[in-house]
Novice: 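Please find one structure pasted underneath; my questions will follow.
In what follows, chains carry the letters A, B, and so on, assigned in the order in which the sequence lines appear, proteins first and then strands, with residues in each chain numbered from 1.
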Protein chains: 2
Amino acid sequence: MNFQHRKRLILQTVDERGSVDVRELADLLQTSEMTVRRDLVQLATAGLLYRTRGGAMKVSLATDSFRFANKAALNADRKDYICQLAAQEIQEGDVIFMDCGSTVFRLCQFIRNKRIAVVTNSLPVVAELLTSDVTVNLVGGEVDKDRQAIHGLIAEEHIARYRANRAFMGVDGISLEHGLSANSEKEASITMAIARQTDKVYLLCDSSKLETNKYLYFAPLSLFDVLITDTEAKPDVISAYRKAGITLIN
Amino acid sequence: MNFQHRKRLILQTVDERGSVDVRELADLLQTSEMTVRRDLVQLATAGLLYRTRGGAMKVSLATDSFRFANKAALNADRKDYICQLAAQEIQEGDVIFMDCGSTVFRLCQFIRNKRIAVVTNSLPVVAELLTSDVTVNLVGGEVDKDRQAIHGLIAEEHIARYRANRAFMGVDGISLEHGLSANSEKEASITMAIARQTDKVYLLCDSSKLETNKYLYFAPLSLFDVLITDTEAKPDVISAYRKAGITLIN
DNA sequence: GTTGTTTTGTTCAAAAATAAACAAAATTTA
DNA sequence: TAAATTTTGTTTATTTTTGAACAAAACAAC
């Protein structure tokens with residue numbers, strides 16, 4: 001009974017029963033609970049089931065195809081708050097860019113019923129909006145498997161073919177002193193490419209990222225027009241940003 | 001007991017039992033485990049079985065049918081047979097186009113371990129290959145929600161930027177008299193666009209589609225180079241196709 | 001709050017499987 | 001036939017998987 005066998009049996013059991021617990025599985029698979037746990041962790045990070053305390057649950061089949069490996073759930077409340085604010089900025093008929101950040105991903109749920117067009121390089125965003133009223137346009141190019149997104153030269157060329165009223169983007173780091181920074185060159189250049197083609201750029205940035213710096217500085221603060229963050233940002237940071245002439249919503 | 005002979009027995013055993021382990025096979029084939037391993041590696045890279053630790057299993061059992069489990073299951077056996085033949089045509093380093101048909105989708109499982117690049121307009125194909133060794137390139141443009149694929153002008157432009165050795169495509173109808181036909185204008189024009197950029201075009205077409213016609217005739221038979229179908233095709237149909245100068249594999 | 005129970009994560013050692021290296025056998029080629 | 005090449009088997013080292021033990025965390029009951 002190797003991993004592949006166990007995996008198949010686990011998924012099958014979860015699918016049939018809706019949920020299972022570790023003890024049961026260990027018994028069924030004739031193996032230790034420790035091994036079952038390890039299997040469940042692996043299957044959960046692959047998005048094939050939901051891990052629960054003491055077992056696992058079936059994941060709703062509709063949305064699992066591209067789902068982020070639970071990363072999207074990190075600081076979900078703050079991110080949802082930010083996205084709610086962002087959604088209020090959107091008007092019928094808008095054409096908007098959305099990039100591949102985990103915050104931006106959560107914007108999907110708030111725009112499902114809007115009659116707008118979305119241009120994105122994020123596969124999870126596409127998967128999510130596949131069952132919505134939104135018209136979706138996917139940026140083409142090389143697929144970055146880790147980020148579940150499209151990056152590279154062709155992608156940037158593709159972006160240059162479009163023009164949007166608004167863009168909603170994430171960023172890895174932002175500071176008054178150094179501006180915007182990123183963990184990856186790829187993401188930085190997509191951000192730049194989108195900003196060039198957009199009338200009004202919104203930066204969605206949860207408060208934990210304010211005044212942090214990542215290794216790659218790629219643009220001044222003037223790249224964006226509006227910064228949307230949450231209410232847990234420190235008051236002095238907020239006022240400093242406002243004093244620096246930044247339009248900040250929270 | 002040579003190489004070819006062993007391979008045949010291994011595949012047969014895997015097919016009958018679903019899965020096997022190395023020890024068992026070494027015993028059955030009267031050879032060493034090392035040799036069995038070497039054989040398994042070879043068969044796995046050819047996509048004919050799925051390598052597991054300690055043995056191997058049927059490809060269809062290993063892929064999580066849960067992921068994009070939609071209508072692709074119709075005539076699954078025939079389609080898998082066709083795809084196995086198709087996979088054998090593919091060589092390391094190839095750049096291949098795959099379109100958004102349900103037959104073509106099933107090719108994914110057979111090419112997971114190949115070191116090739118795939119250019120596709122199909123979202124399920126991308127989802128499937130996201131967890132494979134394959135380099136994936138996604139065609140950009142407007143998302144067709146019903147077909148879970150990208151179509152339209154921008155998509156065709158994007159395709160024109162690439163060049164591939166091989167293309168694997170489906171078609172809705174094919175007949176000696178009228179050539180290729182489709183249910184949708186969108187799909188037809190993507191098919192044409194891909195064919196223009198490809199050295200060798202393979203049509204994957206289960207036998208039920210031979211000698212059928214759909215409403216839109218869009219290309220002569222000369223559009224493709226090789227037709228791959230299953231063994232249930234009528235002998236007289238097959239010979240008629242061959243007589244018409246078509247390269248047909250089944 | 002505290003206590004007791006359950007579940008989880010971590011570390012470690014044993015077992016299993018694999019890959020690598022090299023020798024032996026079989027096959028092909030000259 | 002002999003040399004060259006390929007294929008196979010054996011041994012050894014490396015990697016992966018597993019289960020046990022125990023500490024840490026989460027949860028429930030009080």
Novice: Check every atom of C/dG9, D/dT15, C/dT7 against the side chain of A/V41 and return the nucleotide holding the closest atom.
Specialist: C/dG9
Novice: Given D/dT17, C/dT10, D/dG9, which nucleotide is nearest the side-chain atoms of B/R53?
Specialist: D/dT17
Novice: Starting the side chain at C-beta, find the nucleotide from C/dA20, C/dT18, C/dT8 nearest to B/V22.
Specialist: C/dT18
Novice: Write down the distance between CZ (B/R37) and P (D/dT11), rounded to a whole number of angstrom.
Specialist: 14 Å
Novice: More 5' along DNA chain D: A/D39 or B/T35, using each one's nearest nucleotide?
Specialist: B/T35
Novice: Starting from P on D/dA21, measure out to CD on A/E33 and report it in whole angstrom.
Specialist: 13 Å
Novice: So that I can tick it off, tell me whether B/E24 and B/R17 are bridged by a salt bridge, with the cut-off set at under 4.0 angstrom between side-chain N and carboxylate O.
Specialist: yes
Novice: Atom CG of A/L40 and atom P of C/dG9: how far apart are they, to the nearest Å?
Specialist: 10 Å
Novice: Between P on D/dT17 and CE on A/M34, what's the gap in Å once rounded to a whole number?
Specialist: 14 Å
Novice: Taking only the side-chain nitrogens and oxygens of B/T31, find out if one of them lies under 4.0 Å from OP1 or OP2 of D/dG9.
Specialist: yes
Novice: Can a donor-acceptor pair under 3.5 Å be found between the side-chain atoms of B/R38 and the base atoms of D/dG9?
Specialist: yes
Novice: For B/Q4 and C/dA26, give me the distance from atom CD to atom P, rounded to whole Å.
Specialist: 19 Å
Novice: Measure the distance from CD on B/Q42 to P on C/dA19 and round it to the nearest whole Å.
Specialist: 14 Å
Novice: Take atom CZ of B/R23 and atom C1' of C/dA17, then tell me their distance rounded to the nearest Å.
Specialist: 9 Å
Novice: Do the charged groups of B/D15 and B/K58 touch, with an N to O distance under 4.0 Å?
Specialist: yes
Novice: Looking only at the side chain of B/R51 (C-beta and beyond, no hydrogens), which of the listed nucleotides C/dT8, C/dT18, D/dG9 gets closest?
Specialist: C/dT18
Novice: Run the salt-bridge test on B/K114 and B/E92 with the 4.0 Å N-O cut-off and return the result as yes or no.
Specialist: no
Novice: Which whole-number value in Å describes the distance from B/L29 CG to D/dT7 P?
Specialist: 17 Å
Novice: For A/F218, enumerate each residue passing the ring-ring contact (aromatic ring centres under 6.0 Å, His included) test, keeping only those at least two apart in sequence or located in another chain.
Specialist: none
Novice: So, are A/E187 and A/R147 salt-bridged, with charged N and O less than 4.0 Å apart?
Specialist: yes
